[in-house]
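Indexing begins at 1, ligand by ligand and atom by atom, following the structure's order. FYI, the numbering just counts along the sequence from 1. These figures come from a predicted structure and were not determined experimentally.
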Amino acid sequence: MPQITPQPGIMEIDLYVGGKSSIAGRDDVLKLSSNENPLGPSPVALDALVAAASGAHRYPSTDHAELRAAIGEVHGLDPERIICGVGSDEVLQFVCQAYAGPGDEIIHTEHGFSMYPILAHMAGATPIKVPERNRVVDVDLVLAAITDRTRVIFITNPGNPTGTILPDGALERLVAAVPEHVIVVLDGAYTEFADGHDGGVTLADTRPNVLMTRTFSKIYGLGGLRIGWGYGAKELIDVLNRIRQPFNLSVVQLAAGEAAVRDQDWVHECARLNADQRARLTGALRQLGIACDDSFGNFVLARFASEAEALAADAALQDDGIIVRRVGGYGFPEGLRITIGDEAMTGRVIAALNRWREGA
Ligand SMILES: *Cc1c(COP(=O)(O)O)cnc(C)c1O
């Protein structure tokens, strides 16, 4: 009897582990483990979400025209070159599925997002991990890893969990040197937190093989709703649309996303709060002798003297009801990634770390 057998690569997938969200016996938990917006979504987006719910018996738009138009207007982009997905994760999945298969290689970097190898395996392709240099993507090492079989390169910029950024010039150099049979995906999940960086828009505008992805999950505070988008050459977007399910986004997602992107005042306010509290937490960590790079995201990677010390700090934070992210799986056993909260939340983290240091 032939047995049922999954496609090549499927059994290589290690399930994605999300940020922890509860501590047994506590109801005052502060969750800073998934880079969520401490202020939540824009009130305007929430209103749109609720209003759209009464139309839930109707099928949603298949082409997302209104959401794409809103994104295009706000960002100054051609809506014809935008594709929307169930989180940006789905757009990343489209790229792997449409352009890579068994025998092909998909490059990601050492501390990159853990979804990349999962998506590569889903397509039956082989994920290739390239080292970073001092927690920053190394353009030359990425270029050196390219082979005839390379189909996709994932670059997270700003990086997660590193928080570091590849300057625009380095990105340009990378893209200019990549052969034309390779797609470069610039994952801009944290672009809005990186003042003065364009998230790869210029490169996606001018290069046929560059796709920029963005999300409503981080600064827009809509991670629970699952909305993301990508921007690239018309030909590339047309290919991705062929494997997109026609009703991938619900009426509620579409309405909330459109209202959220139009409320840029909210985005700016969130970015300002994040920058202030990020500087405050970075300063406090360094004062405590805990190393961290300047972060361009909505989190800071705290690097302790050892894995044991990181574990002890994590335990102390949890004793105070604070959940941060262990990042051993990202190559930082000595690290804890701490999402930036509002003023009170950040104060709580700093106070807990101070108490831990004093007690240690
Ligand atoms: C959070 C995050 C995303 C966004 O995922 P969604 O599917 O849009 O929620 C993408 N890439 C990175 C690196 C992230 O950290």
Kindly determine whether I107 and V152 satisfy side chain to side chain contact (heavy atoms under 4.5 Å, CB included), including the steps that lead there.
CA-CA 6 Å; I107 290 176; V152 180; over 6 Å; no
Select one of side chain, backbone, both or neither to describe which atoms of D89 lie under 4.0 Å from any atom of ligand 1, heavy atoms only.
both
Mark up the atoms of ligand 1 that fall under 4.0 Å of a heavy atom belonging to Y190, in ascending order.
1 (C), 14 (C), 15 (O)
Taking distance alone, with no angle check, do T156 and ligand 1 share an N/O pair under 3.5 Å?
no
From the list L186, V210, D187, side-chain contact (heavy atoms from CB on, under 4.5 Å) with I155 holds only for L186
Among I165, N35, T215, which residue meets the side-chain contact (heavy atoms from CB on, under 4.5 Å) test with Y190?
N35
re atom 1 (C) of ligand 1, the protein heavy-atom contact at minimum distance is K218 NZ, 1.2 Å
Is the cationic atom of R151 (NZ for Lys, CZ for Arg) positioned less than 6.0 Å from the six-membered ring centroid of Y99 and within 45 degrees of its normal?
no
Can you tell which part of A189 has a heavy atom less than 4.0 Å from ligand 1: side chain, backbone, both or neither?
side chain
Closest to atom 9 (O) of ligand 1 (judged by heavy-atom distance), picking from P158, S217, G228
S217
Are any of the side-chain nitrogens in D293 or R303 under 4.0 Å away from the carboxylate oxygens of its partner?
yes
Would you please determine whether R226 falls within less than 4.0 Å of ligand 1 on a heavy-atom basis?
yes
Below 4.0 Å from ligand 1: does a non-hydrogen atom of S88 turn up there or not?
yes
Under 4.0 Å from any heavy atom of G87, which atoms of ligand 1 are there?
6 (P), 7 (O), 8 (O)
Considering non-hydrogen atoms of the protein only, which is the closest contact for atom 11 (N) of ligand 1, and what is the distance?
D187 OD2, 2.7 Å
Before we go on, tell me: are the rings of F154 and F113 under 6.0 Å apart, centre to centre?
no
Against ligand 1, does F216 come closer than 4.0 Å with any heavy atom?
no
Determine whether the aromatic ring centres of F216 and W266 lie less than 6.0 Å apart.
no
Can you check whether H111 and F332 have ring centres sitting under 6.0 Å from each other?
yes
